[in-house]
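Below is one structure, written out as structure tokens, with a few remarks after it.
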Amino acid sequence: KQEVTQIPAALSVPEGENLVLNCSFTDSAIYNLQWFRQDPGKGLTSLLLIQSSQREQTSGRLNASLDKSSGRSTLYIAASQPGDSATYLCAVTNAGKSTFGDGTTLTVKP
Amino acid sequence: GAVVSQHPSRVICKSGTSVKIECRSLDFQATTMFWYRQFPKQSLMLMATSNEGSKATYEQGVEKDKFLINHASLTLSTLTVTSAHPEDSSFYICSARGEGASRVKLFFGSGTQLSVL
């Protein structure tokens with residue numbers, strides 16, 4: 001059974017800092033890994049999708065990496081802004097199902 | 001990009017009533033749709049997987065008679081919470097997997113906050 005862990009559970013940083021969110025998974029036979037953002041009481045917004053054959057994806061200030069052999073992915077956020085404050089979830093898809101981590105709640109202070 | 005529309009976004013109902021939540025794929029055909037439930041400060045837990053034209057597959061511990069799922073077309077899946085009780089209050093989110101170039105990605109609805117009084 002796939003298990004997904006996200007560390008830290010919560011993170012608070014001053015505006016402008018670069019930061020890294022971590023996601024680890026137990027079964028490396030994945031199809032893809034996706035990072036999402038969730039604002040309070042809202043649905044999910046897809047940020048980055050990494051296929052199992054890829055090592056990283058970039059979108060603007062966001063960079064996600066994937067190391068299947070070690071069962072890890074990181075989401076790097078450059079020059080953080082207060083608007084980045086949200087909960088970030090990673091989801092690992094394999095065998096037709098997606099398993100989510102519990103998320104990291106990020107607070108960026110002005 | 002592909003869009004999944006979920007309605008309603010918020011619903012308040014009395015205990016014992018049934019509530020229907022709709023999930024529509026607006027610009028792609030979704031052969032598979034997923035329904036998730038999220039309790040406060042917890043992550044999403046898969047409830048069931050529905051494939052167009054066939055019965056939904058429920059995760060262990062999810063009552064299929066309580067949570068009725070219908071996926072009658074390639075663009076619409078519905079979740080009906082029957083005889084809702086306060087413990088059913090939660091955030092429900094659907095997602096859809098598209099065909100072709102979009103197949104590998106999950107598109108999520110905006111979610112439905114259900115409050116049962």
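So that the names make sense, note that chain A is the first sequence line, chain B the second, and so on, each numbered from 1.
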One option among B:Gln38, B:Gln113, B:Met45 has the most heavy-atom pairs under 4.5 Å with chain A, and it is B:Gln38
So what's closer than 4.5 Å to chain A heavy atoms on B:Ile93: side chain, backbone, both or neither? side chain
Chain A contact via B:Gln6 - which portion, at a heavy-atom distance below 4.5 Å: neither
B:Leu46 vs A:Phe100 side-chain heavy atoms within contact, under 4.5 Å: no
Sub-4.5 Å side-chain heavy-atom contact between A:Leu47 and A:Ser59: no
For the student: nearest non-hydrogen atoms of B:Ala30 and B:Met33, plus distance: CB-CE, 3.7 Å
Non-hydrogen atoms of chain B under 4.5 Å away: do they reach the side chain of A:Gln38, the backbone, both or neither? side chain
B:His7 side-chain N/O to B:Arg24 backbone N/O, donor-acceptor pair under 3.5 Å: no
Using heavy-atom distances under 4.5 Å, tell me whether A:Leu44 contacts chain B through its side chain, its backbone, both, or neither. both
Answer yes or no: is there a donor N or O on one side and an acceptor on the other, between the side chain of A:Gln54 and the main chain of A:Gln51, under 3.5 Å? yes
